[in-house]
S.K.: 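Supplied in structure tokens, the structure appears directly below.
A note on names: the letters A, B, ... follow the listed sequences, proteins ahead of strands, and every chain is numbered from 1. Every heavy atom of this structure was used, including side-chain atoms; hydrogens, water molecules and symmetry mates were not.
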2 protein chains.
Amino acid sequence: MATVEEPTRPAGRIRDAARTKAEILDVATQEFARAGYTGARVDEIAARTRTTKRMIYYYFGGKEQLFTAVLEHAYSAIRQAEQEVDVDHLDPVAAIRRLAELTFDHHEAHPDFIRLVAIENIHEAEHIAASEQLGALNSPAIEVIRRILDAGRASGLFTAEIDAVDLHAMISSFCFFRVSNRHTFGALFGRDLVAAEQREHYRTMLGDMVIAYLTADRTED
Amino acid sequence: MATVEEPTRPAGRIRDAARTKAEILDVATQEFARAGYTGARVDEIAARTRTTKRMIYYYFGGKEQLFTAVLEHAYSAIRQAEQEVDVDHLDPVAAIRRLAELTFDHHEAHPDFIRLVAIENIHEAEHIAASEQLGALNSPAIEVIRRILDAGRASGLFTAEIDAVDLHAMISSFCFFRVSNRHTFGALFGRDLVAAEQREHYRTMLGDMVIAYLTADRTED
DNA sequence: CTCCTAATGTACGAACTGGTTCGTTAGTAA
DNA sequence: TTACTAACGAACCAGTTCGTACATTAGGAG
């Protein structure tokens with residue numbers, strides 16, 4: 001979602017296939033996130049580009065494939081961020097809290113990505129299903145969680161029997177909801193879940209919640 | 001979302017204003033949930049109705065107001081369900097768990113409602129803002145949570161300082177995400193969050209999570 | 001320098017879409 | 001019975017939307 005920067009050669013800016021393609025993808029990301037798949041207009045995307053609608057069809061084939069490319073690009077960005085997560089030097093409790101915070105921060109920093117995912121769910125993930133790229137590779141975050149979970153259970157700190165994918169769902173759901181549903185939640189309950197002054201409050205709350213669940217005293221069960 | 005049943009007088013089924021209006025609302029709910037606001041077609045709604053497009057404009061004014069009416073109707077249904085919640089006879093821990101389960105069940109039982117809310121968030125809750133009906137009355141669930149929370153803290157069982165609206169957000173986020181993001185989550189992680197055989201697992205997990213958070217040992221802080 | 005192709009731009013059209021115009025009829029009050 | 005209005009339907013319209021046919025040119029290979 002970062003805006004594509006100026007080409008290296010400012011004068012000879014015609015005939016730069018890579019650049020044209022990247023610019024279309026960038027503008028399309030904004031437009032799809034803004035208006036949804038059906039609401040997005042191919043003409044509008046073209047107009048906000050330095051090139052024409054013809055190029056969208058030349059490079060991507062059509063609206064459908066363009067949206068798939070947008071999703072592939074957006075997901076590859078989050079995967080890259082996840083791969084740079086380094087929590088191996090922390091104890092399990094601190095590591096989980098750190099991971100939850102990173103997830104929290106990433107959702108807050110990329111509302112457009114959240115919107116794209118929400119939109120793709122409205123369309124029942126049909127574009128992800130159509131993408132060869134997205135079906136294959138799964139999230140690095142899962143592997144990280146798995147390692148922390150193993151360490152936490154080995155040391156006896158974690159009592160919960162949750163697996164990595166479910167814990168990821170638990171963490172993501174709160175982070176995702178806070179961003180995706182801020183408008184209806186705000187309108188109905190009068191509370192802005194993404195207000196800057198509430199940020200630390202919710203960030204802490206998420207960590208507390210996850211740690212409480214993982215370390216809860218289960219002797220009484 | 002329930003399909004409108006046949007009129008009381010099967011023969012004289014012409015000229016029934018209430019029935020026509022209800023049928024439009026019912027079909028519109030399905031169509032908006034299926035395709036999103038922009039994706040929904042007024043012609044399609046009309047075609048699946050026993051009346052014509054003219055009547056949609058006659059009764060509702062336009063596509064925008066029709067969607068607002070759909071939201072009003074959908075929200076009024078969930079409010080009604082919330083009002084029938086009776087947990088006053090339970091101890092705080094059991095009451096919170098029961099409430100979480102009811103929220104869980106309601107989300108699972110009404111995927112169309114979840115989709116409508118997700119769609120309305122894409123449109124930044126502009127239709128809720130435009131509705132006089134929806135802005136005013138707030139959720140009965142909040143009051144119920146507030147009472148349980150007070151009782152739990154009075155008895156010393158609950159140590160968390162969370163308020164009712166935030167606890168509602170915590171519970172809703174998990175329930176909402178599980179339904180709203182099942183498609184992308186399933187496609188990316190190979191796990192169906194709404195699979196029938198996993199239902200009890202997630203229902204229990206939610207309750208455990210909330211109770212663990214509320215009753216966590218905080219002496220070490 | 002010439003030629004060839006990837007890259008690009010212009011203009012257009014067929015189908016669709018929200019909304020409206022005009023006219024008709026069922027039911028009811030007097 | 002009559003007259004009046006709420007309820008209804010068919011056809012239409014103006015603006016839009018995705019996609020394409022056709023024409024053009026930059027820039028590297030030879």
S.K.: According to a strict under-4.0 Å criterion, is B:T20 in side-chain N/O contact with OP1 or OP2 of D:dC8?
M.R.: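 The answer is yes; a side-chain N or O of B:T20 sits under 4.0 Å from OP1 or OP2.
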S.K.: With nearest nucleotide decided by heavy atoms, which residue, A:R54 or A:Y37, maps closer to the 5′ end of DNA chain D?
M.R.: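 By nearest-heavy-atom nucleotide position, the 5'-most residue is A:Y37.
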S.K.: Grab the CG-C1' distance between A:L66 and D:dC18 for me, whole Å please.
M.R.: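 Between C1' of D:dC18 and CG of A:L66: 13 Å.
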S.K.: Roughly, in whole Å, what's the span from CZ in A:R19 to C1' in D:dA26?
M.R.: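 It is 17 Å, rounded to the nearest whole Å.
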S.K.: Between D:dT20, D:dC8, C:dG19, which one does the side chain of A:Y57 approach most closely?
M.R.: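 Among D:dT20, D:dC8, C:dG19, the one nearest the side chain of A:Y57 is D:dT20.
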S.K.: What is the distance, to the nearest angstrom, from the OH atom on A:Y59 to the C1' atom on C:dA6?
M.R.: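 Atom-to-atom, A:Y59 to C:dA6, this comes out as 8 Å.
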S.K.: Specify whether A:H168 and B:F185 have parallel, tilted or perpendicular ring planes, treating 30° as the upper limit for parallel and 60° as the lower limit for perpendicular.
M.R.: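 Answer is parallel, since the angle falls under 30°.
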S.K.: Categorize B:Y58 for me: base, sugar-phosphate, or nothing, with a 4.0 angstrom heavy-atom threshold over every strand shown.
M.R.: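 Base, at least one base atom sits under 4.0 Å.
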S.K.: Taking A:R146 first and then A:E143, would you say they form a salt bridge - that is, a charged N and a carboxylate O separated by under 4.0 Å?
M.R.: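 A salt bridge is present here (some side-chain N lies under 4.0 Å from a carboxylate O).
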S.K.: Taking atom types as they are modelled, is there a donor-acceptor pair under 3.5 Å from the base of D:dG19 to the side chain of A:K53?
M.R.: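 Such a pair exists between side chain and base.
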S.K.: Is atom CD of B:E200 surrounded by more than 12 heavy atoms (other residues, nucleotides or ligands) closer than 6.0 Å?
M.R.: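 Enclosed.
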S.K.: How many Å lie between NZ on B:K63 and C1' on C:dT20, as a whole number?
M.R.: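 My rounded result for the distance is 17 Å.
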S.K.: Which whole-number value in Å describes the distance from B:F60 CZ to C:dT20 C1'?
M.R.: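 Interatomic distance, CZ of B:F60 to C1' of C:dT20: 18 Å.
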S.K.: What is the distance, rounded to the nearest whole Å, between atom CD of A:E23 and atom P of C:dT8?
M.R.: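 Spelled out: CD on A:E23 to P on C:dT8 is 11 Å.
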S.K.: Whether A:R34 and A:D112 form a salt bridge (side-chain N of Lys/Arg under 4.0 Å from carboxylate O of Asp/Glu) is what I want to check.
M.R.: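 No.
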S.K.: When all nucleic acid strands are considered with a 4.0 Å heavy-atom cut-off, which category describes A:T51: base, sugar-phosphate, or nothing?
M.R.: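 Sugar-phosphate: the residue A:T51, judged by heavy atoms under 4.0 Å, touches backbone atoms but no base.
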S.K.: Any ring-ring contact (aromatic ring centres under 6.0 Å, His included) involving residues 31-52 of chain A? Give me the pairs, sequence neighbours left out, ordered by first then second residue.
M.R.: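 Listed once each, the pairs are A:F32-A:Y37, A:F32-A:F67, A:Y37-A:F67, A:Y37-A:H123, A:Y37-A:H127.
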S.K.: What pairs with A:T184 under side-chain hydrogen bond (donor to acceptor under 3.5 Å, both in side chains), at least two apart in sequence or on another chain?
M.R.: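 Expected list: B:N121.
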S.K.: What is the distance, rounded to the nearest whole Å, between atom CD of B:Q65 and atom C1' of C:dG18?
M.R.: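 It works out to 12 Å between those atoms.
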S.K.: Rounding to 10°, can you tell me the angle the first-five-pair axis of the helix from C:dC1-D:dG30 to C:dA30-D:dT1 makes with its last-five-pair axis?
M.R.: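 Answer rounded to 10°: the end axes differ by 10°.
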S.K.: Below 4.0 angstrom, N of the basic side chain to O of the carboxylate: do A:D105 and A:R199 qualify?
M.R.: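 Between A:R199 and A:D105 there is a salt bridge, with a charged N closer than 4.0 Å to a carboxylate O.
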S.K.: Which residues pass the side-chain hydrogen bond (donor to acceptor under 3.5 Å, both in side chains) test with A:D163, sequence neighbours left out?
M.R.: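 Checked A:D163 against side-chain hydrogen bond (donor to acceptor under 3.5 Å, both in side chains); matches are B:R191.
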S.K.: What pairs with A:H107 under side-chain hydrogen bond (donor to acceptor under 3.5 Å, both in side chains), at least two apart in sequence or on another chain?
M.R.: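 If we apply the side-chain hydrogen bond (donor to acceptor under 3.5 Å, both in side chains) test to A:H107, skipping adjacent residues, there are no hits.
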S.K.: Give the residues of residues 38-45 of chain B touching DNA chain C, defined as any heavy atom closer than 4.0 Å, sorted by residue number.
M.R.: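 Going residue by residue through residues 38-45 of chain B, the ones with a heavy atom under 4.0 Å of DNA chain C turn out to be B:A40, B:R41, B:V42, B:D43.
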S.K.: Take the protein atom NZ of A:K21 and the nucleotide atom C1' of C:dA7, then report the distance between them rounded to whole Å.
M.R.: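 Atom-to-atom, A:K21 to C:dA7, this comes out as 13 Å.
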S.K.: So, applying ring-ring contact (aromatic ring centres under 6.0 Å, His included) with B:F176, which one of A:F174, A:F176, A:F177 is it?
M.R.: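 Single pass found, and it is A:F177.
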S.K.: Ignoring hydrogens and geometry beyond distance, is the side chain of A:R50 in donor-acceptor contact with the base of C:dT8 at under 3.5 Å?
M.R.: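 Counting by modelled atom types and ignoring angles, no donor-acceptor contact under 3.5 Å is found here.
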